[in-house]
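Inspection log for the structure reproduced underneath, given as structure tokens.
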Amino acid sequence: FAKNSKEEHLVLVEGYMDVIQLHQHGIDTAVATLGTALTPEQARIIKRIKNEVVISYDSDEAGQKATQRAIELLNEEGLRVRVLTMSGSKDPDDYIKANGVGAYRKLINESQEQIEYKIRRLRSKYNLDDISQKAEYVTQAAKEFVNIKSPVECELYVKKVSAETGVSAESIFAEIARIR
């Protein structure tokens, strides 16, 4: 069903109950990895079907770690990857039961580009009032920016982190160059 959907993306979930719930509510692009371990073969199959994936794994720690791994595998296949974030619910099935399918569709439409997700997760680990933690945050963000292919996109994210931290864009670009 997902393969034949008119939507341009697939919604990647962990379990079959999520797929059933989403399909019952008209979201026919849902597919499941049946666990948190997306495989390279699954990523290749996804690439043959669609060029864009919205990851909607569970909001628990295992789901978030699996999201990070899935981002890497899907990026290697050249897919556009966005990440859906649910607050107040563990998984898509619970979220739809609590908030309705319209709210879930809105989350799909507002899902973040994978780099935004990574930077937000990274940011939550550091206290930017502490200089050493701020420096570590900028260094870790620069490691993520190394993988951005578009110079324009890279510059936009660098400027965003620069504004957030007060570290000059030039210093962040220098850190990216050092890492490369």
Side-chain angles (χ1 to χ4, degrees), residues 1-127 137 140-141 143-145 147-148 153 157 160-161 164:
F1 293 115
K3 187 173 164 179
N4 296 324
S5 172
K6 293 176 184 168
E7 296 287 338
E8 295 182 13
H9 63 268
L10 291 179
V11 176
L12 189 61
V13 296
E14 287 181 31
Y16 63 89
M17 288 306 296
D18 295 320
V19 170
I20 291 168
Q21 181 75 334
L22 292 173
H23 280 261
Q24 285 179 342
H25 285 91
I27 300 173
D28 62 355
T29 59
V31 294
T33 53
L34 300 178
T36 58
L38 178 72
T39 67
E41 178 60 26
Q42 287 172 322
R44 283 189 287 279
I45 291 168
I46 289 169
K47 173 69 175 174
R48 288 192 299 245
I49 298 171
K50 302 281 182 181
N51 289 320
E52 183 178 341
V53 176
V54 176
I55 300 173
S56 183
Y57 282 167
D58 293 1
S59 60
D60 60 10
E61 191 56 34
Q64 295 307 298
K65 286 181 181 177
T67 296
Q68 295 280 47
R69 288 189 309 270
I71 288 169
E72 302 311 318
L73 279 172
L74 295 167
N75 275 339
E76 286 175 18
E77 288 299 319
L79 290 152
R80 176 179 179 212
V81 182
R82 295 184 295 146
V83 180
L84 183 150
T85 305
M86 293 173 284
S87 56
S89 297
K90 180 182 178 266
D91 60 25
D93 184 36
D94 291 341
Y95 188 88
I96 289 174
K97 286 177 183 171
N99 302 289
V101 70
Y104 188 79
R105 284 183 191 280
K106 186 175 182 201
L107 290 180
I108 291 172
N109 293 333
E110 295 173 352
S111 58
Q112 297 177 308
E113 292 293 332
Q114 55 89 14
I115 190 71
E116 291 275 346
Y117 168 82
K118 286 180 172 183
I119 297 304
R120 185 177 48 81
R121 291 260 308 162
L122 196 56
R123 168 65 183 89
S124 71
K125 296 177 183 178
Y126 297 98
N127 174 4
Y137 166 62
Q140 294 304 315
K143 287 180 181 177
E144 294 298 334
F145 298 155
N147 299 318
I148 299 174
E153 187 179 358
Y157 285 116
K160 186 174 184 175
V161 169
E164 179 181 46

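Model, not experiment: these values are computed from the prediction.
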Residue pair Q112, T85: steps toward the side-chain contact (heavy atoms from CB on, under 4.5 Å) verdict: CA-CA 8 Å; Q112 297 177 308; T85 305; 4.2 Å; yes
Test side-chain contact (heavy atoms from CB on, under 4.5 Å) applied to N109 - qualifying residues, sequence neighbours left out: none
Rounded distance [0.5 Å steps], CG in L38 versus CD in E41: 10.5 Å
D94: partners by side-chain contact (heavy atoms from CB on, under 4.5 Å), with sequence neighbours left out: S89, K90, D91
Y104 and S56: side chain donor to acceptor below 3.5 Å: yes
Euclidean distance, S111 OG relative to M86 CE, rounded to 0.5 Å: 11.5 Å
Distance, nearest 0.5 Å, that separates NZ of K50 from CD1 of I45: 15.5 Å
With L12, the side-chain contact (heavy atoms from CB on, under 4.5 Å) member among V81, L84, V54, I46: I46
Worked check of side-chain contact (heavy atoms from CB on, under 4.5 Å) between T33 and Y57: CA-CA 10 Å; T33 53; Y57 282 167; 3.2 Å; yes
R44 and K47, any side-chain heavy atoms less than 4.5 Å apart: no
Distance, nearest 0.5 Å, that separates CD of Q114 from CD of Q68: 9.0 Å
By salt bridge (Lys or Arg N to Asp or Glu O under 4.0 Å) - contacts of R120 (at least two apart): none
Closest non-hydrogen atom pair, V13 against P92: CG1-CG, 3.8 Å
Side-chain heavy atoms of V31 within contact of I49, under 4.5 Å: no
For the student: nearest non-hydrogen atoms of Q64 and S59, plus distance: NE2-CA, 3.6 Å
Donor-acceptor pair, side chain of H23 and main chain of A30, under 3.5 angstrom: yes
Steps toward side-chain contact (heavy atoms from CB on, under 4.5 Å) verdict (H25, I96): CA-CA 9 Å; H25 285 91; I96 289 174; 3.8 Å; yes
Residues E113, R80: salt bridge by 4.0 Å N-O rule: yes
Evaluation steps, side-chain contact (heavy atoms from CB on, under 4.5 Å), between Y117 and R82: CA-CA 8 Å; Y117 168 82; R82 295 184 295 146; over 6 Å; no
Side-chain donor/acceptor of D18 to backbone N/O of D93, under 3.5 Å: yes
Flag, side chain of E144 to backbone of I115, donor-acceptor distance under 3.5 Å: no
Using a 3.5 Å cut-off and no angle test, enumerate the donor-acceptor pairs between side-chain atoms of residues 71-79 and protein atoms at least two apart in sequence or in another chain.
from: E72; atom 1: OE2; to: K118; atom 2: NZ; distance (Å): 2.5
from: N75; atom 1: ND2; to: I71; atom 2: O; distance (Å): 3.4

Plane angle bin for Y157 and F145 - parallel if under 30°, tilted between 30 and 60°, otherwise perpendicular: parallel
Set of side-chain contact (heavy atoms from CB on, under 4.5 Å) partners for K106, sequence neighbours left out: E110
Interatomic spacing from OG in S87 to OH in Y95 - rounded to 0.5 Å: 6.0 Å
Kindly list each side-chain donor-acceptor pair under 3.5 angstrom involving residues 3-10, sequence neighbours excluded, with atom names and distances?
from: S5; atom 1: OG; to: E7; atom 2: N; distance (Å): 3.1
from: S5; atom 1: OG; to: D28; atom 2: OD1; distance (Å): 2.9

Expected output: side-chain R105 to main-chain I108 donor-acceptor under 3.5 Å: no
